[in-house]
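Within every chain, numbering begins at 1; the chains are lettered A, B, ... in the order of the sequence lines, protein sequences first and strands thereafter.
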2 protein chains.
Amino acid sequence: MNVMIFSALAEPHRLAIIELLSEGPLQVGNIAERLELSQPQASKHLRVLTSVGLVQVQPVANKRIYKLRPQPLQELETWLETFRRSWDEKFDNPETYLHQLQTAENNKDHSK
Amino acid sequence: MNVMIFSALAEPHRLAIIELLSEGPLQVGNIAERLELSQPQASKHLRVLTSVGLVQVQPVANKRIYKLRPQPLQELETWLETFRRSWDEKFDNPETYLHQLQTAENNKDHSK
DNA sequence: GGAGAATATTCCCGTCAAGGAATATTCACA
DNA sequence: TGTGAATATTCCTTGACGGGAATATTCTCC
């Protein structure tokens, strides 16, 4: 899993942009207005979101319509599914926990 | 959705710790060793992960066993599901896209 | 092609977080 | 109680990032 998507979403305004765009495409001015951002700030954040592929531009006249790109969030969902497997297998399973403790014990330094 | 979990996962080493812990609980020394981190670095990153609830400590003797906490990642999964609804409803739907364009048009400044 | 709307870019500054090194703390055990 | 193992904390420095202000760019339309 790549870290870029997380750092892109780690900024409150960018996360708000993503959630706003989940309702549908918007042009820069509307995004800035709705989130009470300056226009340059909105553009800068949209640039970051575009660079990591979370967002996509579509020029219409002298406007630029931004919309979400499903792929990265879908990949994130896939990544999370691999964790669900871990929950089901290992969590609240005393035997597994014991095994981990023994593993830690076996990893001790035997070279001295 | 809270931004904290994203900033916690936005650091490569911390993301690696999460993925490592998905295989099972580990003590600090083993985490540091496996990821080629200094022990203080590992402790610091684990502190961040704990503070956002992604990880949980369990003291055993003078060791500290860290393991994942399912809740935050499950909440993230839930958050992503709300997006899936948007994909299915709105994506590749020309009518919706047109509606957005018109909405943008209607949001123009009427006060002048 | 000139004007104006919509958007992007640049420059500058303050803040914050990560890493390294050193040190402190906690715990078991002899 | 003292020693060593395991882990946490502090201090410091440096680089990256967000915000504001100003400016540049792009596009449409007359």
What is the distance from CD of B/E33 to C1' of D/dA5, rounded to the nearest Å?
15 Å
When rounded to whole Å, the CG to P distance for the pair B/L9 and C/dA17 reads 15 Å
Ignoring hydrogens, what is the shortest heavy-atom contact between A/A42 and A/A32? Give both atom names and the distance.
CB-CB, 3.8 Å
In whole angstroms, how far is the P atom of C/dC27 from the CD1 atom of B/I65?
14 Å
Rounded to whole Å, how long is the line connecting atom CD of B/E36 with atom C1' of C/dG20?
17 Å
Smallest heavy-atom separation, B/S22 atom then A/F83 atom, equals CB-CE2, 3.5 Å
Which atom pairs, one a donor and one an acceptor, fall under 3.5 Å between side chains of residues 46-53 of chain B and the rest of the protein, sequence neighbours left out?
unit_1: B/T50; atom_1: OG1; unit_2: B/L46; atom_2: O; d: 2.6
unit_1: B/S51; atom_1: OG; unit_2: B/V48; atom_2: O; d: 2.7

Counting heavy atoms not belonging to A/E81, are there more than 12 under 6.0 Å from its CD?
yes
Walk along nucleotides 12-30 of chain D from 5' to 3' and tag each nucleotide B, S or - by protein heavy-atom contact under 4.0 Å, base first, then sugar-phosphate.
------SBB-B----SS--
Test item: B/E11 side-chain N/O and B/H13 main-chain N/O as donor-acceptor pair under 3.5 Å
yes
Distance-only donor-acceptor check, side chains B/S43 and B/Q39, under 3.5 Å:
yes
To the nearest Å, give me how far apart CG (B/L35) and P (C/dG19) are.
12 Å
